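Both ligands and their constituent atoms are indexed starting at 1 by order of listing. Remember, predicted model here, so these are calculated numbers, not experimental data.
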Amino acid sequence: MGQPAQHYVGRFAPSPTGPLHFGSLVAAVASYLDARASGGLWLLRIEDVDAPRTVPGAAEGILATLARFGFEWDGVPVWQCGRDEAYAAALERLAAAGHVFPCACTRREIADSALARDGAHIYPGTCRDGLPPGRDARAWRVRVAGSVVSFDDAVQGPQHEDLAVEVGDFVVRRADGLFAYQLAVVVDDAEAGVSHVVRGADLLDSTGRQIHLQRLLGAPVPRYAHVPVVINAAGEKLSKQTLAAAVDTVPPEAALLAALAFLGQNPPDELAGAPLAELWRWAIANWSLARVPATRQALLPQGM
Ligand code: GLU
């Protein structure tokens, strides 16, 4: 008999490219509340697999900010930078089954092919049946032929993607030798037993690729919920590149209330001025994924 099975395992997986801004706070709050309201676990993963984009000290800063907001995570955070062996093992399994192939194409050589939804180029298939003579492998790509992915996003509704038409064979190991985010996230979520992924809607277009890899690796497909991405007045996603302000510059109570309002949770006026612990109690007790707006993006609230 023993312990009851833990059915809900959620996570927040920030990339340490800068300080936590209001957009990442929204993803953290949504994933945290959905996990806690379900009596589930909430894990943290530092997504520093893309080493060149990692800013020294940013991960520690994000963890400190999350602690200051009163987030309580389960276990110790996982850092992708120490997990190359797990990614290599997954790639080997894909290779042994013939699902991946080496690719010699440079960015320039595929620059003429059509654009995918996320702005990347759809791979034209040049090396799919073998490297052209005299060319060396640069990256590794996974075959997508015939893979049509459908899933019901808990916020954005039914999604459908024909990977061969809309993405093409995609990179799982990059030309610089680093493992691609798409592979790392699938390996990490599977190993941690993540059952529910709640994150920003900018990743909705990555989900088909991740489900494809889950199928090939025999990993369970989590339940997905993509919450609106926060954009600034210029219509840009908040990020270091768009000079998003660190959420640390506003009192955590005010930022949390703004995040709850952004997520459609309608915090009552009486909560203004309430201490953090009371805000969290209210937010967990009243969390409703059904109230999160089913839009891909929404405007940064004033003052954030
Ligand atoms: N590391 C990604 C980001 O910060 C999130 C990846 C995920 O949640 O799957 O945008």
Exercise. Check step by step if side chain to side chain contact (heavy atoms under 4.5 Å, CB included) holds for R45 and D189.
Key: CA-CA 9 Å; R45 181 168 70 236; D189 281 342; 2.8 Å; yes
Quiz item: Can you tell me how far CG of D169 sits from CZ of R143, rounded to the nearest 0.5 angstrom?
Solution: 7.0 Å
Quiz item: Looking just at side-chain N and O atoms, do Q80 and D188 make a donor-acceptor pair shorter than 3.5 Å?
Solution: yes
Quiz item: So do the side chains of F69 and V247 get within less than 4.5 Å of each other, counting heavy atoms only?
Solution: yes
Quiz prompt | Side-chain donor-acceptor pair present, Y87, E92, cut-off under 3.5 Å | solution = no
When you pair each N or O of ligand 1 with protein N or O atoms, which pairs come out under 3.5 Å?
unit_1, atom_1, unit_2, atom_2, d
ligand 1, 1 (N), A13, O, 2.7
ligand 1, 1 (N), S15, OG, 2.8
ligand 1, 1 (N), E47, OE1, 2.6
ligand 1, 4 (O), S15, N, 3.2
ligand 1, 4 (O), S15, OG, 3.2
ligand 1, 8 (O), R11, NH1, 2.7
ligand 1, 9 (O), R11, NH2, 2.8
ligand 1, 9 (O), Y181, OH, 3.0
ligand 1, 9 (O), R199, NH1, 2.7

Self-check item: Check: W73 ring centroid to F12 ring centroid under 6.0 Å
Solution: no
